[in-house]
Amino acid sequence: MQEFLNCLGTKVFMADDFTDLSYHVGTFGPNTLWVCDTNTSRMVRPLPTPNVVIEAGESSKSFTCLEKIISVAMDNNLGRDCTFIALGGGMICDITAFAASIYMRGCRVILIPTTLISMASSALGGKTSINFRFAKDIVGTFFPANEVLICTDCLKSLPNKDYMNGFADILKHSLLTKDDTLFNLVATRKQQIMDRDPDTLKAIITISLQIKKSYIDNDPYERLGLRAALNLGSTFAHALEGMSRLQWSSGQAVAWGVCKAMEASRELGICTSEFAAGVIKLFAFYGFDVNYRIQRGDWMDFRNQIAKNKQSVNGVSSFVLLKDQGEYEIRPVDEEIIKSVVMVPSV
Ligand SMILES: NC(=O)c1ccc[n+]([C@@H]2O[C@H](COP(=O)([O-])OP(=O)(O)OC[C@H]3O[C@@H](n4cnc5c(N)ncnc54)[C@H](O)[C@@H]3O)[C@@H](O)[C@H]2O)c1
């Protein structure tokens, strides 16, 4: 197990394989609470106790499941010196870290991400959350994990749609740096990426996390307009997820949202048509739905979802727009431009 990154005090380790991960996990000792979902609970047999297994799926990122985690911790008399261990994707990591951040005013938390998005992005950076009233991540804290343990062997059992969800964030990160390394990898190694080649995965996960770290280190609480760049596509994506009552998965929505941000950037003259087209082509190359448009009758719902967005300044929603690779601008966008890029055109 190699430590390869430290961000906001989180030590990030890469395991050689599942055996290496199991060995490290075996050193945790008692005084832990394991949290998994109904799929990831099958990855460790027997599952250490005490544990909480919650139903897989985004709807479990809820107050009800949060109560369940806190209840099991209390029922087992865990003190503030305990460690919560999340074994799962972004949903499990987000809710477990949130529970750890409020249990006895904060206990240790170790994240073992098991999906591509949680390995390449969400486990790093300390954003914890649950959803409420269909609003994504509306309740949460900043609470960086003590450790993140990445093992690409875990990805072998991940269904393709969940794998591709995570890949959307990697593509997004490749656009947020002037260094071409990640962009070139994703543009040229599609076969290895689709085959889940371990070396390629380790490379893209490592670079993706390094890019994320570069935005987080100097703006951990997203107050200086640096970290906010990582929200490229999110204002559009979260509105779509909210409008669909979370039926759109977050990765598919992010891919769509980044493409909409590119179209808006082009319409505003912030970037060239060629750059916008190139980015959209890259997402389409990996099979993301870049052409989806919302029905005209859904516009008010979509607009209301945008208004609920956390990325707002003085109550006005803002959008991350790209001028070029690694060059961004954060600003409100005129409603007519939003309509023109998201809605089916009138006949
Ligand atoms: N905290 C952050 O900074 C941040 C950033 C981006 C996204 N997120 C959050 O991450 C979540 C999306 O992440 P996700 O796609 O990992 O969702 P998820 O945790 O719901 O996992 C997706 C599905 O894959 C299953 N699964 C997980 N690992 C598996 C494995 N190894 N083998 C087989 N099945 C497995 C899960 O049970 C689930 O059914 C959203 O809630 C999103 O808001 C958080």
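As the structure is a prediction and not an experimental result, all values here were calculated from the model.
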Taking all atoms of both residues into account, what is the closest heavy-atom pair of [X] and [Y], and its distance?
X	Y	value
V290	A284	CG1-N, 3.9 Å
F143	S101	CG-CB, 3.3 Å
L155	T115	CD2-C, 3.6 Å

Any side-chain donor near an acceptor of the partner, [X] and [Y], under 3.5 Å:
X	Y	result
T235	S317	no
Q252	D289	no
Q2	D16	no
D179	T181	yes
S249	N165	yes

Under 6.0 Å from the [atom1] atom of [X], do we count more than 12 heavy atoms belonging to anything else shown?
X	atom1	result
F134	CZ	no
N218	CG	no
K202	NZ	yes
Y23	OH	no
M104	CE	yes
K190	NZ	yes

Please examine the side chains of [Y] and [X], heavy atoms only from C-beta on, and report whether any two atoms are closer than 4.5 Å.
X	Y	result
Q325	F183	yes
I54	T38	no
L124	L5	yes
D37	E55	no
C36	N51	no
I294	M243	yes
V12	I150	yes
L33	N76	no

Is the ring pair F142/Y221 parallel, tilted or perpendicular, if the boundaries are 30 and 60 degrees?
perpendicular

Please identify each residue that fulfils ring-ring contact (aromatic ring centres under 6.0 Å, His included) with F285, with sequence neighbours left out.
none

Residues forming a ring-ring contact (aromatic ring centres under 6.0 Å, His included) with Y103, sequence neighbours excluded
F84

Polar side-chain atom of [X] near backbone of [Y] as donor-acceptor pair, under 3.5 Å:
X	Y	result
T177	G326	no
S340	I337	yes
R196	L158	yes
R227	I216	no
K260	V342	no
D17	D20	yes
D153	F18	yes

Is it true that [X] and [Y] have ring centroids separated by less than 6.0 Å?
X	Y	value
F283	W256	no
F63	F132	yes
F13	F4	no

For the pair V148 and K11, evaluate side-chain contact (heavy atoms from CB on, under 4.5 Å) and give the outcome as yes or no after the intermediate values.
CA-CA 6 Å; V148 172; K11 292 178 177 180; over 6 Å; no

Are K61 and D94 close enough for a salt bridge, meaning some N to O gap below 4.0 Å?
yes

Are D169 and K212 ion-paired here, with the side-chain N under 4.0 Å from a carboxylate O?
no

Qualifying residue for side-chain contact (heavy atoms from CB on, under 4.5 Å) with F288, from I280, V258, L171
L171

Suppose we screen for side-chain contact (heavy atoms from CB on, under 4.5 Å). Which residues come up paired with E274, at least two apart in sequence or across chains?
T272

Verdict with reasoning, R293 to E263, per salt bridge (charged side-chain N to carboxylate O under 4.0 Å, His left out):
CA-CA 13 Å; R293 288 190 165 247; E263 289 181 38; 3.5 Å; yes

Apply side-chain contact (heavy atoms from CB on, under 4.5 Å) to residues I193 and L185 and explain how you reach the verdict.
CA-CA 9 Å; I193 288 166; L185 276 173; 5.7 Å; no

